[in-house]
Chemist: 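Sharing a structure here in structure tokens format.
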Amino acid sequence: MATERYNPREAEPKWQKAWAEAKLFETDNDDPRPKYYVLEMFPYPSGRIHIGHTRNYTMGDVVARHRRALGYNVLHPMGWDAFGMPAENAAMQNKVHPGKWTYANIDTMREQLKLMGLSIDWTREFATCDVDYYHRQQMLFLDFLEKDLVYRKQSKVNWDPVDMTVLANEQVIDGCGWRSGAPVEQRELTQWFFKITDFSQDLLDSLDQLDEWPEKVRVMQRNWIGRSEGLQIRWELDKATAPAGETELEVYTTRPDTIFGASFMAIAADHPLAKNVAATNPDLAAFCDECRRAGTSVAALETAEKKGFDTGVRVVHPFDPSWTLPVYVANFVLMDYGTGAIFGCPSGDQRDLDFANKYGLPVVPVVMPKDGDAATFQITEEAYVDDGVMINSRFLDGMTPDAAFEEVASRMEAVTIGNQPQAERKVRFRLRDWGISRQRYWGCPIPVIHCDDCGVVPVPKADLPVKLPDDIDFEKPGNPLDRHPTWRHVTCPQCGKDARRETDTMDTFVDSSWYFARFTAPKADEPTDPKAANDWLPVDQYIGGIEHAILHLLYSRFFTRAMRETGHLDLAEPFKGLFTQGMVVHETYRTGSGSGAQWHAPSEIRLEESGGKRRAVVIETGEEAEIGHLEKMSKSKKNTIGPEEITQGYGADTARWFMLSDSPPDRDVEWSDRGAEGAHRFVQRIWRVVSGAAGAIAPGDAAAAGGDGLAMRKAAHKALKAIGEDFEKLGFNRAIARVHELVNEIAPVVEKAASGSNADKAAAHEALSILVQVIAPVMPHLAEECWQTLGYETMVAEAPWPAFDPALVEENSVTLPVQINGKRRGEIVVPKDADKAAVEELVLGADFVTHHLGGAAPKKIIVVPNRIVNIVA
RNA sequence: GCCCCCUUGGCGGAACUGGUAGACGCAAGGGACUUAAAAUCCCUCGGCCUUUGGCCGUGCCGGUUCGAGUCCGGCAGGGGGCACCA
């Protein structure tokens, strides 16, 4: 039967309209069926969607459609992470209001997303820059403030002295501001912080329960929280060298066992002792300034050359009053960590060793391998960091480091100096409180007022929202909120006098730390409807990029706990299942180099192949472009493919199918036109198989089918079982491979069945129905078209997932490979679950076995039931 | 610098919990159909050899095991994160 080609340009809009009219994807909170919440990390509205974005929405959509078919009440919402710097950059460059720019982008991107046929409940959509949303975020802030989860303290920022603005780490390039090029300073500002450290231990312990998270994300979070058990030690300053008013230096260490290997103390440039000495020592003051000019990021500090400056101050060793050690200011010690001071043990730490070698400080080995020789064991270029035995450590000699730790700790705890023990055991966390102040316009205003008399006064809830003013200009440097003529002037809600609004806005990570809760009741007056939040949360399956493995996920875990303390919901962990997907990458095309470099979009390029070498030619100019590496799709490198380019040609289903084929979902996938072509061929093949047979087959008594018909049913039911399991494990690429296998198996049989018995026709109808249902989550439009063609009157999007017949899935015999000495020599067919004795007998009777054994008796026969046989000769 | 991940044919990848390495797809080559092209269908497709068979082969070196892509130790290469990008 001749059939027309499947036309996605016609079918896709048609079915999207049909779904929308039937309101199939609008979710009712009161639906009594079991709930399933699937969520993809919402996008930043940067301008246009490219198919890189759509891959994870497609994954979520497959999960959503599959779960819906399994009978769940599915929540699958979408929104916009809409505050942030790019809007301000656009405002400065294009003189367009950040809000206007953002909402225009959202409109464009929503339309693009809709082309993909995602089963999203659009009635719940919001953007975090909607006043309705940030109004509720301000309510949360006030509740947190009341519960003592928010406070202010001094903290450092990257300050651009020319642009008069605070810079993000990414805006600091080689120590200079990206726009002004001026050297960046570190400035202390009073800023707002969330007390995430209140939950350090709980955030750490609860990771063990998140067993549907990738192990690597849990490891990253564990390291980030960084729990350590150590000793806080007070070192007495040598009176002859101590500056006025200073008597001791407090140091935190996780290795008190190495105390006899100590050869120097290192303190942060901002340590009070450093500041004290610097006041009378201009050279030190200059060195401290230099340290402050380095970036604020750990990576910048750690990769910078290790430098120190001797303060001249000496400390006295706690176990030897005659032993003094120098105190250095060092550029790798951070005031935020521990006490801002460490003792350096060069033999046991590579960084300390490098430092000691540079400044000619002693290196005394204190731990050596168990079988080492204490008399000759030396450390010169490489520190010894492993376990072993203590040496050169007086009363610790011969102990393990662990025992030495205990010994030092208990001796020092027992010594009292000035009414306090000399040392204290302390659990510390690397995790720092979350600084949320941003000196920017395009963010959620922090709802407080500064009054000269009353201090910091929260904005009364009745006065919320504190709205961002619309009339702003980005012409001048600095924060537009600061220099707005009227916005910041208010009366104090407590005393009625003139007061000033807080002009800091919130970190955009705050916006994304509770949006998943807001989706459960997006129109509620309070931040959440606690019943809806508790019913829906935790999110059953959260899908997003690995780049959010630490901050976004940790902040959201904190927020959920804080919202529980303030009564907005009643759970601790927001995301039950987490999946981190890979990116879609594409090669880049560049002409010119350096500052004259120009990037070209794939659509502007023609690829040629000659002599086994690929060449890229710019179509318009004929110029050859350099083919660059596979990179994440980005606007700046122009290596993006938009969904329209696909939907206008092959259709959304082809793009969805291609993006989930081949590459496992947690790895990157390379977009290639050939791959997309291949995916589209398969779309047409399914259409051909289904539409070609549909008119000649009909539902009926499929169970009566034998021979090919039975084989076809077995193939379909086996595939159905396997694909269902793959979808549950998010094994989309495996599911797709199985669909290919299924089509390969049934296509020839279906054709014959069209002219066969009624039982064969029924078997073909059943097999094709199963095929259509298993492809429906990935290729929903094609599936609807096929479903209709097969004679169904309802849509496949609302059809329940079919059940496989266990009898058709079970095999009663199994092919066992037979190895002799670990090499495969042949195979035998045995009944399923045959016992070992029977298998051994069969194996020993096989020709190829007797041939290989050459008459000798086997030493041993290993039979792994239903798996393999290995004969040891 | 620290932490984490990855490495299997020409390419993307499959292989459940240590049990037939290369499923499935892409590309390539050959054939059928066609006046021709597209589309479609069929065959071949890790390497080597003395080819109804055999040897080698999962980044490299070593180990555990009857058996290792999978586990352990070491090394190399590539990628990601590092607190104001989102």
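Residue numbering restarts at 1 for every chain, and letters A, B, ... go by the order of the sequence lines.
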Chemist: Give me the distance, rounded to whole Å, that separates B:G67 from B:A21 when you measure between the P atoms they each carry.
Modeler: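 Result for the P pair: 14 Å, nearest Å.
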Chemist: With hydrogens left out and only the distance checked, is there a donor-acceptor pair under 3.5 Å joining A:R734's side chain and the base of B:C24?
Modeler: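 Checked by distance alone, the answer is no.
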Chemist: Can you list every stem that RNA chain B is part of, counting only runs of 3 or more consecutive Watson-Crick or G-U wobble pairs with both distances under 3.5 Å?
Modeler: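 So the stems come out as B:1-7 with B:76-82, B:10-12 with B:24-26, B:28-32 with B:40-44, B:46-49 with B:53-56, B:59-63 with B:71-75.
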Chemist: Can you check whether any acceptor in the base of B:G12 is under 3.5 Å from a donor in the side chain of A:D662, or vice versa?
Modeler: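 Side chain to base: pair found, below 3.5 Å.
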Chemist: Which is true for A:H552 with a 4.0 Å heavy-atom rule: it touches a base, it touches only sugar-phosphate, or it touches nothing?
Modeler: nothing
Chemist: Looking across every strand, which nucleic acid part, if any, lies under 4.0 Å from A:K859 by heavy atom: base, sugar-phosphate, or nothing?
Modeler: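 Here A:K859 touches no strand at all.
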Chemist: Give the rounded distance in Å between these two atoms: CZ of A:R685 and P of B:C24.
Modeler: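 To the nearest whole Å, that distance equals 12 Å.
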Chemist: Tell me whether the side-chain N or O atoms of A:N223 pair up with the base of B:C3 as donor and acceptor below 3.5 Å, since no angle test is needed here.
Modeler: no
Chemist: At under 4.0 Å between heavy atoms, what does A:V219 touch on the DNA or RNA strands: base, sugar-phosphate, or nothing?
Modeler: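 Sugar-phosphate contact only - A:V219 comes under 4.0 Å of backbone atoms but never of a base.
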Chemist: Could you tell me whether B:G9 is syn or anti, where syn means a glycosidic angle within 90 degrees of zero?
Modeler: syn
Chemist: Aromatic rings A:F682 and A:W657: how do their planes relate, parallel, tilted or perpendicular, breaks at 30° and 60°?
Modeler: parallel
Chemist: Could you tell me how the ring of A:F727 sits relative to the ring of A:F732: parallel (under 30°), tilted (30 to 60°) or perpendicular (over 60°)?
Modeler: tilted
Chemist: Scan A:R222 against the nucleic acid and name what it touches under 4.0 Å (heavy atoms): base, sugar-phosphate only, or nothing.
Modeler: nothing
Chemist: For A:W224 and A:P86, find the nucleotide of RNA chain B closest to each by heavy atoms; which residue's nucleotide sits nearer the 5' end?
Modeler: A:W224
Chemist: Could you check whether the side chain of A:E215 and the base of B:C5 have a donor-acceptor pair of N or O atoms closer than 3.5 Å, going by distance alone?
Modeler: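 Answer is no: no donor-acceptor pair is held.
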Chemist: Does A:R440 reach a base, just sugar-phosphate, or nothing at all? Heavy atoms under 4.0 Å.
Modeler: base
Chemist: Once you measure the plane-to-plane angle for A:Y515 and A:F42, does it fall in the parallel (<30°), tilted (30-60°) or perpendicular (>60°) bin?
Modeler: parallel
Chemist: Just call it for A:S661: base, sugar-phosphate, or nothing, with non-hydrogen atoms closer than 4.0 Å on any strand.
Modeler: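 Touches nothing.
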Chemist: Within the structure shown, what part of the strands sits under 4.0 Å from A:N733 by heavy-atom distance: base, sugar-phosphate, or nothing?
Modeler: sugar-phosphate
Chemist: With a 4.0 Å cut-off on N to O distance, would you call A:D354 and A:K306 a salt bridge?
Modeler: no
Chemist: Any luck finding a side-chain donor-acceptor pair between A:N105 and A:W80 under 3.5 Å?
Modeler: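 No, no side-chain donor-acceptor contact under 3.5 Å.
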